[in-house]
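Everything on this sheet refers to the single structure shown next.
The figures here come from the full heavy-atom set of this structure, side chains too, leaving out hydrogens, waters and symmetry mates.
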Amino acid sequence: MCAICGIFNYKSKKQINNTIINNMLKTIKHRGPDGSDVFLSEEIALGFNRLSFLDLEGGMQPVWNEEKTIVMVCNGEIFNFAELRIELLEKGHCFRTKTDVEVILHLYEEYGADFPQYLNGQFAIALYDCQQKLLFLVRDQTGISPLFYTITDGRVIFASEIKAILEYAGIERKLNLKAVDQLMNFPGIVSPVTFFKGIYSLQCGHMMKIKMEGEVQDIEYWDLIYSPEEDDKGEKYYVEKLRELLKESISRRLVADVPIGFYISGGLDSSVVACYIGKFLLNSYYSFSAEIGSGELDESRFQNIIKDYVHSTHYSTKVDEEKIWELLGQVIYHAEAAVKESYDVAAYLLSELVSHSPARAVLTGQGSDEFFCGYAGYMVDRFREMQKAGMSKEECEVNERLWGDPYFRYERNHPQISKLHNQIYSKDVREEVRSFSALMESPVNVERLKGLSSQKRRSYIDCKLRLSDHLLGEHGDRMFFSHSVEGRHPFLDRELLNFVAQIPDKYKLNGVNEKYILKKAGEGIVPNEILKRKKFPFQAPGMSSVAALPGVMGYISDEKIKKYHIFDSGCVEKMKEKYIQKDFKLMGAYEIDYLMIVMTVTMLCEQFHLSI
């Protein structure tokens with residue numbers, strides 16, 4: 001993977017300045033330190049920073065087709081490129097490199113705008129058809145690779161990170177209050193929303209088709225589709241097929257001309273990946289873990305079980321309160337987002353650890369919880385009948401609007417916590433809250449939820465609200481590439497996902513046994529201590545742990561809070577007093593860390609000179 005950026009004169013005749021595209025590339029050099037190149041014409045500029053994995057000598061981009069009529073830059077990996085290459089060669093296509101991404105050009109020649117449907121990988125693509133004067137911007141199915149854009153001066157300006165777009169003169173630096181409200185209500189922000197007003201994130205599974213002097217089309221080419229009906233083929237079938245597809249998915253993600261490692265968290269998901277690598281002697285030897293805090297937060301015992309079991313060359317780093325505070329500013333800069341938990345710091349430190357090893361990329365267990373019912377909410381849904389009596393008419397209306405079911409509660413009683421949010425917001429922001437409220441319209445396609453079980457409904461929403469932009473975005477991609485490291489996620493393989501979507505609910509959540517079918521697929525491969533371990537959410541110390549450290553409260557001083565007019569200074573002062581009390585402690589992942597939100601929104605405004 002790498003960094004891409006570009007400028008398309010879709011309704012402008014102005015010459016594109018070479019200095020601008022080079023400045024954009026410099027800003028995101030950390031994503032691809034192995035070389036840069038630019039294609040520049042009257043119509044379009046495409047920039048590329050390379051992080052090398054395949055065809056180390058001949059894999060530079062932008063890359064062209066044989067006739068030099070189609071040019072492309074791609075941030076990502078195409079994991080089914082070998083099969084696609086054979087098919088395309090048989091159809092008469094000629095390849096100029098040994099890279100995986102060259103298949104994209106030939107797929108476009110063969111299938112036109114349908115080309116993304118053939119790709120199994122993680123990718124953000126900018127492909128320009130010089131004859132048709134047509135630009136395609138494409139983001140992968142689950143949103144592993146980011147792609148941001150804005151439209152101004154008759155131009156489409158796009159990049160792998162927002163900070164590159166900000167290099168374009170005249171881009172307004174305004175905080176998007178809808179992003180703040182989404183962070184208050186949901187696990188994180190949801191594409192196309194970003195924290196930067198007027199700058200958008202291309203949604204996962206979407207493609208933008210932009211014709212010179214024509215319209216801008218946003219086309220959905222893929223979505224997670226659950227069927228209300230289930231065809232049960234029996235437990236044995238699903239276990240065997242899952243094992244087969246997991247092995248294939250992991251194998252695909254270990255193909256590279258440089259070493260690839262893997263993360264060990266101590267939980268089931270990363271352990272499955274690590275132990276499949278160890279069991280089947282796949283080509284990966286380096287493992288990495290973060291020891292977070294002490295006591296109930298410390299998972300090092302389980303991490304050691306796995307690293308000893310697979311005999312990897314292991315690297316470990318420790319995350320404590322001092323490091324969280326010391327690195328939080330750098331994390332916010334790379335995330336280009338405010339956060340409500342500090343575990344992005346752990347991800348930042350892990351990628352730094354990888355950068356000091358021979359490995360250039362790592363495999364993770366990300367994406368398993370959302371598709372195998374790994375979160376507590378899936379069990380809570382079992383007691384929906386008991387919840388109904390306590391739901392107000394107002395909550396039912398909000399739930400119906402957001403999730404297509406009046407009695408489906410996604411994590412929070414939104415009308416209830418909105419009253420608290422109105423206290424936290426400043427008077428000026430409170431008066432405008434209906435114009436940016438995250439609760440006024442659904443962040444997902446509610447039509448896709450019709451007729452689904454609570455389990456499937458929650459999985460779809462988790463995929464959109466928790467996985468794509470939060471765990472894969474600000475927590476994943478941005479933290480990996482802060483140190484020029486790539487993350488690869490076997491559980492998000494397209495073929496594997498299509499299969500998992502067909503597994504009946506009872507094999508994912510069996511009574512109160514979450515990830516039942518995944519544990520079955522791990523039997524004889526993953527140690528029993530991990531398979532039988534109670535689910536433990538990945539956590540890091542929150543603001544209640546760092547509040548007393550020197551300098552922390554100064555960052556949310558009365559002066560700074562009043563400077564941006566986002567939050568109520570009196571309410572923030574009361575929160576600060578509460579947080580520094582000796583016996584005050586948040587309930588881990590189940591309670592919103594509002595002071596962390598206030599602090600990181602303020603940090604974001606300071607770092608990027610944003611105002612409202």
Side-chain angles (χ1 to χ4, degrees), residues 1-7 21-40 44-64 71-79 81 96-105 116 119 121-128 136-140 143-149 157-165 167 201-202 253 255-261 334-336 351-352 354-355 359-364 472-474 476-489:
M1 289 172 82
C2 51
I4 65 171
C5 62
I7 301 169
I21 199 77
N22 281 314
N23 287 344
M24 292 172 74
L25 283 174
K26 285 176 187 174
T27 308
I28 49 177
K29 186 71 175 176
H30 52 274
R31 296 185 66 92
D34 297 337
S36 298
D37 205 356
V38 170
F39 166 69
L40 181 64
I44 194 166
L46 296 174
F48 179 77
N49 285 334
R50 188 180 188 201
L51 183 61
S52 305
F53 287 97
L54 286 170
D55 194 359
L56 303 185
E57 299 300 321
M60 182 54 76
Q61 300 180 40
V63 61
W64 294 81
V71 62
M72 179 200 72
V73 287
C74 174
N75 163 31
E77 311 293 340
I78 310 303
F79 296 121
F81 81 96
R96 302 168 66 194
T97 74
K98 296 176 183 177
T99 61
D100 55 323
V101 299
E102 192 182 350
V103 297
I104 297 168
L105 290 168
L119 301 173
Q122 50 194 71
F123 48 83
I125 300 165
L127 182 149
Y128 185 61
F136 294 91
L137 300 179
V138 189
R139 191 177 179 199
D140 65 65
I144 300 168
S145 300
L147 190 54
F148 301 98
Y149 68 93
I157 302 152
F158 58 90
S160 298
E161 294 187 14
I162 292 170
K163 54 182 68 70
I165 294 175
E167 287 297 308
S201 170
L202 185 60
R253 281 154 183 79
V255 174
D257 294 332
V258 294
I260 307 292
H334 285 286
E336 301 173 331
S351 70
E352 181 182 41
V354 177
S355 72
R360 300 291 296 274
V362 284
L363 273 60
T364 82
L472 295 176
E474 133 261 318
D477 173 271
R478 251 44 54 77
M479 296 303 104
F480 283 120
F481 280 98
S482 65
H483 293 101
S484 309
V485 172
E486 177 180 281
R488 300 181 177 185
H489 315 285

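Using a distance-only test at 3.5 Å, with no hydrogens or angles considered, no donor-acceptor pair links the side chain of Q61 to the main chain of F48. Checked by atom type and distance alone, the side chain of T364 never pairs as donor or acceptor with a backbone atom of H489 at under 3.5 Å. Formation of a donor-acceptor pair under 3.5 Å by the S201 side chain with backbone atoms of F148 is not found in this model. Panel note: side chain S145, backbone F123; a donor-acceptor pair is recorded below 3.5 Å. Formation of a donor-acceptor pair under 3.5 Å by the D100 side chain with backbone atoms of I78 is found in this model. Between the side chain of N49 and the main chain of R31, no donor-acceptor pair closer than 3.5 Å is present.
Salt bridge status for R96 with E102: absent, with no side-chain N to carboxylate O gap under 4.0 Å.
For G143 against D140, the heavy-atom pair with the smallest separation is N-OD1, 2.6 Å. What you find for T27 and A164 is that their closest heavy atoms are CG2-N, 4.1 Å. Counting all heavy atoms, side chain and backbone alike, K163 lies closest to E161 at NZ-OE1, 2.8 Å. Between P146 and S160, the shortest heavy-atom contact is CG-O, 3.4 Å. In this structure, L25 and G47 approach most closely via the heavy-atom pair CD2-C, 3.6 Å. When all heavy atoms of I144 and D477 are compared, the closest pair comes out as O-CB, 3.8 Å.
Here the straight-line distance linking atom OG of S484 with atom NZ of K29 works out to 9.5 Å at 0.5 Å rounding. To the nearest 0.5 Å, atom CD1 of residue I28 and atom CD1 of residue I162 are 11.5 Å apart.
Residues V73 and D37 are not in side-chain contact: their nearest non-hydrogen atoms beyond the backbone lie 4.5 Å or more apart. Residues R253 and I260 fail the side-chain proximity criterion, which asks for heavy atoms closer than 4.5 Å. Two residues are said to be in side-chain contact when any heavy atoms from C-beta on lie closer than 4.5 Å; F480 and V362 meet this criterion. Within the 4.5 Å cutoff, no side-chain heavy atoms of I104 are placed close to those of F136. Considering only heavy atoms from C-beta on, H334 comes within 4.5 Å of M479 through its side chain. Put simply, the side chain of L472 does not reach to within 4.5 Å of the side chain of Q122, judged on heavy atoms. With contacts defined as side-chain heavy-atom distances shorter than 4.5 Å, the pair H483/V354 does not qualify.
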Should I4 and L147 be marked as a side chain to side chain contact (heavy atoms under 4.5 Å, CB included) after you check the CA-CA gap, both sets of side-chain angles, and the distance that decides it?
CA-CA 9 Å; I4 65 171; L147 190 54; 4.0 Å; yes

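Ring orientation note: the planes of F39 and W64 are nearly perpendicular, at an angle over 60° on the 30°/60° scale.
Applying the 6.0 Å contact sphere to NZ of K26 captures no more than 12 heavy atoms from other residues, nucleotides or ligands.
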